[in-house]
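These notes concern the structure reproduced below.
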Amino acid sequence: MINRKELIKKYLDFFKAHGHKEIPNASLVPENDPTVLFTTAGMHPLVPYLLGQPHPLGKRVMNIQRCIRTGDIDEVGNSTHHTFFEMIGNWSFGDYFKEEAIKWSFEFAIKVLKLKKEKLAVSVFGGDKRESKVPMDQTSAKTWETLGIPKERIAFLKGGIYESDNNWWGPAGKTGPCGPCTEMFYWKPKNIPPPKEFNPEDKRWVEIWNDVIMEYVKDDNGKYNQAKQKNIDNGRGLERILAIMNQLEDNYLTEIWQPIIKKIEKISQQKYAENKKSMRIIADHIKASVFIISDGIIPSNTERGYVLRRLIRRAIRYGKILGIKNFTSKIAEPVFEIYNDYLELQKNKKQILQELEKEEEKFNLTLEKGLDKFNKIIKNKKEISGKDAFLLYQSYGFPIEITQELSKEKKIKVNKKDFEKELQKHQKLSRTSSAGKFKSGLADNSEATTKLHTATHLLLAALKKVLKDNNIIQKGSNITSERLRLDFSFPRKLTKQELDEIEKMVNKQINKSYEIKKEEMSLEQAKKQNATGIFDSKYKQKVFVYSIDNFSKEICAGPHVKNTKELGKFKIKKEESSSAGVRRIKGILK
Ligand code: SER
């Protein structure tokens, strides 16, 4: 038996011995990245460094990164897929390359985790003969062979870039670092010996490892260019490894799920063995919701808030199948114990539980009636019209995905296209564009976004000064090439006069043509110098601090402009409430 914390320690110790420094576990909300909703992999917060910016801790880093993948929500309910998971990862920024990466992955699996070599298989990039001209990855295959993986357990997967995602990873969004990858699989059945030959189609082989050889960067035109800096991006899902290490074929039987499952069993007075799908979905969705709320998101009808709403409401719907009500905050309780090493989770506990309860109360008001309505709508029908799906959404709070799922169970279709049209008509907001963001784009470091990023620093400093409140903290930042959006803690609406003054103050700094100073220092030093940032991290890390004269000093990964005069003129376009105690300002540069 091994538990989560022991596994993490083993991993960090091993890679530390190979020169890696531990970096923080970043927020689920990607900083300054308007094109993706959530952090989906450990590499996500590292894009600037994968593109060549030097990392303050050097060329080898590692961490445990919390991630959310929304693409897999429909898969949740089986034994291995989760919305929230922790990725244990290690990276080389232009330092070691595939031979070392593979060797260490193998050594960690065999020597440290003591996995049986006879139960391992690997896949490598099979080459793409068409546009990309990326050849098959013989070096990786040879390296695996040298380490003792027999030829028949090495599968060259064809396809890659233009065919499917077989052994080609990334970019995480539309553009950015990517490359061929080589994956390690483990034979999961306890009582059936593994076949001699590896068949990647056989689902009993479970992927446990992904070594990405980041040799390419995809550009805005969809072209794959050789990267200036060749990196290694290795990631492994902690949940799967933990299950394997404990010889459990079902991830939900491990100690990071069991307390939640047990709580569901207790509340519902039913057995997991007979209700696996519903209980897995509830446990998964509530765990994910706890982490999403902790990172500053509340349920809403747009973007991240919508994903959160969808997760909570789907959990409630499955709760109804089990016959339970008003349960979300109770089921959330064990999450705080399992993850007691997440300090922010403990700090935000009260608010997280409140948000869950609020959302549950809201949905409880309409769920029953909505289900009645749904049953009436589908009488003698083969398809639910867009108008009816919209009615369920608008009047009964059914996310379209819930309507789709209910319909699938009854073997009828939903006209999603017409639903989108209805939605657009009513809200001028396309769910498709929001859904597109689940997959697309990484932060571009374009000139426009860089300028807006510097303007955000000026704005935050001006807010503290004009509102005479040094306790104001940034709650979120979202920058597109057109505008900045800053969420900050403040209890009330700002007056017109205050907004004018803030705008004036920002423009004054711009006109002073200040050079932006970038320094590297320890977190401790940054704290002493009163830099703005989050200090409750347990990591003794080095950070970059950006200063704009004596006006602003913030811990930040950058990038920023060289001189404030590059910004032009700042204008506040909107001030509004974001959530309880949090205000939102949108601004532009002209
Ligand atoms: N980025 C890769 C993945 O998500 C490896 O870390 O699988």
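Excluded from the calculations below are hydrogen atoms, water molecules and symmetry mates; all remaining heavy atoms, backbone and side chain alike, are included. Whatever order the structure lists them in is the order used to number ligands and atoms, beginning at 1.
- Distances from ligand 1 to the non-hydrogen atoms of Glu207 include no value under 4.0 Å.
- Residue Asn210 approaches ligand 1 through these ligand atoms, each under 4.0 Å from one of its heavy atoms: 2 (C), 3 (C), 5 (C), 7 (O).
- The aromatic rings of His453 and His560 sit tilted, their planes meeting at an angle between 30° and 60°.
- Taking the centre of each ring, Tyr224 and Trp168 come in below the 6.0 Å mark.
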How far apart are the C-alpha atoms of Leu120 and Ile110, what are their side-chain angles, what is the distance that settles it, and do they pass the side chain to side chain contact (heavy atoms under 4.5 Å, CB included) test? CA-CA 10 Å; Leu120 288 181; Ile110 302 295; 3.6 Å; yes
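- Among protein heavy atoms, the minimum distance from atom 4 (O) of ligand 1 is reached at Arg69 NH2, 2.9 Å.
- For atom 3 (C) of ligand 1, the nearest protein heavy atom (residue, atom name, distance) is Trp169 NE1, 3.3 Å.
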Please report the C-alpha distance between Asp211 and Lys98 in whole Å, then the side-chain angles of each, then the deciding distance to 0.1 Å, and finally whether the side chain to side chain contact (heavy atoms under 4.5 Å, CB included) criterion is met. CA-CA 8 Å; Asp211 290 7; Lys98 47 187 161 185; over 6 Å; no
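- Neither the backbone nor the side chain of Gln65 has any atom closer than 4.0 Å to an atom of ligand 1 (non-hydrogen atoms only).
- Within a 6.0 Å sphere centred on CD of Gln247, heavy atoms belonging to other residues, nucleotides or ligands number 12 at most.
- The ring pair (Phe, Tyr, Trp, His ring centres under 6.0 Å) test with His18 is passed by exactly one of Tyr96, Phe108, Trp104: Trp104.
- Close approach of ligand 1 to Val212 (heavy-atom distance below 4.0 Å) involves ligand atoms 2 (C), 5 (C).
- Proximity of Arg236 to ligand 1 is not established, as no heavy-atom distance is less than 4.0 Å.
- Between Ala41 and ligand 1, not a single N/O pair is under 3.5 Å apart.
- Near Met43, meaning under 4.0 Å from one of its heavy atoms, ligand 1 places the atoms 1 (N).
- Taking every non-hydrogen atom of Gly235 and a distance limit under 4.0 Å, the qualifying atoms of ligand 1 come out as 5 (C), 6 (O).
- Residue-level proximity to ligand 1 for Asp211 is absent, since no heavy atom of it falls below 4.0 angstrom.
- Under the 6.0 Å distance and 45° angle rule, Lys116 does not count as a cation-pi partner of Trp187.
- Under a 4.0 Å criterion applied to the non-hydrogen atoms of Asn234, ligand 1 contributes the atoms 6 (O).
- Taking all atoms of both residues into account, the shortest heavy-atom contact from Asp233 to Met214 is OD2-CE, 3.4 Å.
- Within ligand 1, the atoms closer than 4.0 Å to a non-hydrogen atom of Asp233 are 1 (N), 2 (C), 5 (C), 6 (O), numbered from 1 in the order shown.
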Please step through side chain to side chain contact (heavy atoms under 4.5 Å, CB included) for the pair Arg310 and Ile73, ending with a clear verdict. CA-CA 10 Å; Arg310 190 180 146 194; Ile73 289 184; 3.8 Å; yes
